[in-house]
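Working notes for the structure below.
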Amino acid sequence: MAKEYNLKRADFIFRNENDWENILSRTLDKDSRELINELISSELKGRGGAGFPTGLKWKLTSEAEVAQKYVICNADEGEPGTFKDREILMKVPFKVLTAMAICGYITGATKGFIYLRGEYKFLQPDLQKVIDEFAYYCKEIGFDFSIEIFMGSGAYICGEETALMESMEGFRGEPRNKPPFPTNKGYMGMPTVINNVETLAHTYTIFKHGAKKFYDLGVQFSRGTKLFSVSGDTPKPGIYELELGMSLSDFVDEFGDGDTKAVQVGGASGFLVPRKRFGETSIGYKGKLTGISLPTGGSMMLFNSTRSMFNVLDNYLEFFREESCGQCTPCRVGCQQLHMGIKAVKQGQKPAVYLDKLLKLTETMQYTAKCGLGQSVANSFSSIVENFREEMIY
Amino acid sequence: MDKKINVIINGVVFETKPGKTILDAARDAGINIPTLCFHKDLCVAGNCRVCVVEVVGQNRLAASCATPCNENIEVLTNTLKVRTARKHIIELLLSEHNADCTRCYKNGNCELQELAAEYKIMSEDLIPLAPYKNYTIDMFSPSIIKDDSRCIRCQRCVRTCAELQGVNALSVAYKGDKMKISTFFEKSMNDVVCTNCGQCVNHCPTGALIEKNYIEEVWEAIADPEKHVVVQTAPAVRVGLGEELGFAPGMRVTGKMVAALKNLGFDSVLDTDFTADLTIMEEGTELLTRLKKVLVDKDDNYKLPMCTSCSPGWVKYIEHMYPEMLENLSTCKSPQQMFGSLAKTYYAKARKLDPEKVVSVSIMPCTAKKFEADRPEMHDSGYRDVDLVLTTRELAIMIKQAGIDFMKLPDVKHDRLMGDSSGAGVIFGATGGVMEAALRTAYELVTGREVPFENLNIKSVRGIEGVKEATIKIEKPLDNWSFLDGVELKCAVAHGLVNAKKVMEAVKNNEADYHFIEIMACPGGCLGGGGQPIPTNPEIRERRAQAIYEEDAGLSVRKSHENPEVIKIYNDYLKEPLGERSHHLLHTNYTRRERY
Ligand SMILES: Cc1cc2nc3c(=O)[nH]c(=O)nc-3n(C[C@H](O)[C@H](O)[C@H](O)COP(=O)(O)O)c2cc1C
Ligand code: SF4
Ligand code: SF4
Ligand code: SF4
Ligand code: SF4
Ligand code: FES
């Protein structure tokens, strides 16, 4: 098959033109329905989790007829191997604040929160200063919108949007039943837009340059650019903004160390792609053109031939086993069984076919777990066990 | 809002109302879906995931208890995918569980066991996780045992303690594989705000929360020829016991219960209803005294409103949560404890027994009564007033162990001296009952006339509403009570501690000017007590309540002060309500406690 896409670098997110005041007041002059249509036509999808269309999310929230609504910026960034939101908040926080305010204008929310990961507490003082400056400007132009930082306390699950809201409300960070979705009943039971830091930063690009510019980047179903947190066995770890739709082999050509055995796409809750599939795998949201989805924030972890895939899986499962909130059966007990199960197989206490039982179990977890955490454990488990079965057995 | 929508379940179209869950719709249509974390008394949690079903068009399965029906939603409840998933989930739960059913108190009445039996989980594929966990059993409470090794983490107990009781003694601690149900700083249930109400026991699907049982101790006492074992039966037991022994909810089994107790070998079968009537005499008089002291004498040492004190779960709750309001609590002991101190004094004397040889046992719908009997101050007879407290459930176990065919028993009456009861004593078992009983007596005491309600039924204090209010105007009182002329006696009734909290907050913030408040810790009153048969739900409690009011209506004596044995005990022994002996034997004091 001919190579269709090359790796295309881009530079929108971190380009700092210091024009946010201008963009904000200019955008606030426009009709909010027009803005929603603009956002919808950009086909921007959420960069923090499930890839939900951002324009639609804002539209749904704007349609609710209640007095109080909220905008939340999800800066919990807990996915192992992801560190791009921190960078955005350090380098271009104004973009995020502006986007939140515009979202407030569109949806009718007057209150915004930034849910900041506990480990990012060191960002708080600087971020607060920027928020104060931003608040001052809003007051000056007579726009009613305030932003507050809410400090998380370190549980991975609190990045899940409804667990995050529970935790903000002072409860234990346990995901809620959906429906209702946050667009209907979110923080304090009120309609709430919750977006990832990066998603918000992209809307800034869209409001600044227009939807077309964004839409023209990337490929069908996966428009625009995305930040990738590159780590593992690579000579150039770091954060890169790339157009969506690239093939994984191009990516590995650029970032691999020449000995790449596999790439974990999307962090612990993502998929492991073995070398033989690099060519057929393109990076973007699920759709006809791409072999794989981006379940979370764009973590790309490269493994070379010195790495044991058993250890990689062991590590992920240990993570899930501890970070599951523990409320629902398939996830709480499933993670323990998977973790102990692969060890038992590795140590010869269970036969290799036990892996098939565990694969079936991950299917049940995927179908029945209450939230994205438990549902996505199957991703790394099945992609690693199926592709590196020989490394799993005794 | 009579809008209807169509749902298609397993290919058949049914009508349902918008907002109903898939589970509701399916059950209405006669299709059962298994559940574990779901309970009719509680908000939906959706955490066990055993209720999953297929929604056509969706890859993932939906938790039917937590998924509302949309118009024309198409649901499949019994596909291979669904069954496999459910089976996996039950297997997973069992792998984490100390599934040693033969050594479990809930063997035979356990929702997990039932599901395991239904799905025939025979394989031992999964790795048993229980041995890797440091499961602990908390046995320090006199009322409740918490065995974490039998817990499926459905959080029904947590929701019960928070939503029905507003106590929050139980909460979820840790996450992931360490997630467990715990208490403040993992202290024993005995050392935290827990009121011993037992509602969590009633709502737990497994053997993780059970009453501490004293069955063997009772058998031993009965077997001891030296001992004279008396037993008292609380009002609500007679409308619950049948459920454990093959009758439908709402069956009154008073006579069979007495027959069974005699069969078991108790030396004397007496009635807590008798001391319920006595409580009314004491508490009614106390209320009138307080009214006089506060309204006429302006005596600061007396406080209004006066709250009832017959529910030991409520008493412990106020001790923890409103210690500054303990003076509002009636000083009357509960009927159980009044009975206890009289059993080893009045009764022993009349029967010429050495009180040391009298063992007093009570059958209660309640686990908090076990704690109450254990309180250090409850020794006014010179001995421990109530030696052993059994729940309705424990009595049923004894009856089964004794091989008694309960259904075939004749109806037998309670023994005399402390076994007679008025209808007023009976309705103690339902929320509003104490209030109604007290009003029947107090009004008549003050005015010389019966309460102005048809057939003495004070309907406004009956029923399932969480907080009920009633006002009764006192007109043309007898000379002694002339200060009450024209006074509107304001009463409130609350059941379930979360409702007690509402009333107490209103009182505390001077938003309510009640004179008299009845509070029962459990939903529905004692008939919904933590020691009553499992399961419990609003319909079952409703039936038990009906049975209680039927029992009342069928008695010839309906007012406490007309109970002949009550009249007799005042003539022969106590002399007068609030008299010196009463004060010594029938009244108590309270303890301030911390709020954790
Ligand atoms: C276990 C779990 C953890 C998550 N953690 C994060 C996170 O750290 N940051 C984030 O933006 N979204 C996270 N999400 C996704 C959020 O639930 C939510 O989908 C997202 O914030 C929506 O924003 P978006 O539409 O802009 O992506 C997580 C989801 C799950 C299931
Ligand atoms: S899937 Fe896992 S993290 Fe999500 S609700 Fe269930 S137990 Fe909690
Ligand atoms: S809780 Fe239920 S399943 Fe568990 S051991 Fe007891 S009876 Fe068996
Ligand atoms: S103790 Fe009982 S009610 Fe509470 S979580 Fe465990 S099994 Fe459920
Ligand atoms: S006995 Fe009552 S107060 Fe105690 S934990 Fe259970 S529900 Fe809560
Ligand atoms: S009964 Fe529905 S999830 Fe537990």
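Chain letters run A, B, ... following the sequence lines, proteins first and then strands; every chain starts at 1.
A donor-acceptor pair is defined here as one N or O able to donate and one able to accept, closer than 3.5 Å; no such pair exists between the side chain of B:Asn47 and the backbone of A:Thr329.
For the options A:Gln366, A:Gln337, A:Gln336, A:Lys360, heavy-atom pairs under 4.5 Å to chain B are most numerous at A:Gln337. When each of B:Ala85, B:Cys37, B:Ser171 is checked for heavy-atom pairs under 4.5 Å with chain A, B:Ala85 comes out on top. Note: A:Lys350 leads A:His339, A:Arg176, A:Lys350 in heavy-atom pairs under 4.5 Å with chain B.
For a residue to count as touching a neighbouring chain, one of its non-hydrogen atoms must lie under 4.5 Å from one of that chain's; by this rule A:Cys335 does not touch chain B. Contacts between B:Tyr174 and chain A at a heavy-atom distance below 4.5 Å involve the backbone alone (N, CA, C, O). Neither the backbone nor the side chain of A:Lys178 has a heavy atom closer than 4.5 Å to any heavy atom of chain B. Looking at A:Tyr354, only its side chain comes within 4.5 Å of chain B, counting heavy atoms on both sides. Of the atoms belonging to B:Val52, it is side-chain heavy atoms, and not backbone ones, that fall under 4.5 Å from chain A. Interface remark: A:Gln349 contributes no atoms to any contact with chain B (heavy atom separation under 4.5 Å). Heavy atoms closer than 4.5 Å to chain A are found nowhere in B:Val50, neither backbone nor side chain. Only the side chain of A:Arg172 has a heavy atom closer than 4.5 Å to any heavy atom of chain B. In this structure, chain B has a heavy atom under 4.5 Å from the side chain of A:Glu174, while its backbone stays farther away.
Between B:Gly46 and A:Lys370, the closest heavy-atom pair is O-CD, 3.2 Å. The nearest pair of heavy atoms linking A:Ala344 to B:Ile127 is CB-CD1, 4.0 Å. In terms of heavy-atom proximity, B:Met179 sits nearest to A:Gln327 at CE-CA, 4.0 Å. The minimum heavy-atom distance linking B:Leu92 with A:Val333 is given by the pair O-CG1, 3.2 Å. Across every non-hydrogen atom of A:Glu322 and B:Asp177, the tightest pair is CA-OD1, 4.5 Å.
Residues of residues 54-72 of chain B lying under 4.5 angstrom from chain A, judged on non-hydrogen atoms, are B:Asn59, B:Arg60, B:Leu61, B:Ala66, B:Pro68 by number. At a heavy-atom separation below 4.5 angstrom, chain A is approached by B:Ile152, B:Arg153, B:Gln155 within residues 150-161 of chain B.
Put simply, CG on B:Leu126 and CG on A:Leu358 are 8.0 Å apart, with the number rounded to the nearest 0.5 Å. The distance from the OH atom of B:Tyr132 to the CE atom of A:Met340 is 4.0 Å, given to the nearest 0.5 Å.
More than 12 non-hydrogen atoms from other residues, nucleotides or ligands lie less than 6.0 angstrom from NZ of B:Lys106. Residue A:Gln347 qualifies as enclosed at atom CD: its count of foreign heavy atoms under 6.0 Å is above 12. Sparse packing is recorded around NZ of A:Lys59, with 12 or fewer heavy atoms of other residues, nucleotides or ligands lying under 6.0 Å away.
The residues B:Lys175 and A:Glu323 are annotated as salt-bridged, a charged nitrogen and a carboxylate oxygen being separated by less than 4.0 angstrom.
Screening B:His88, B:Lys81, B:Arg49, B:Lys87 for a side chain to side chain donor-acceptor pair (under 3.5 Å) involving A:Thr364 leaves a single residue, B:His88.
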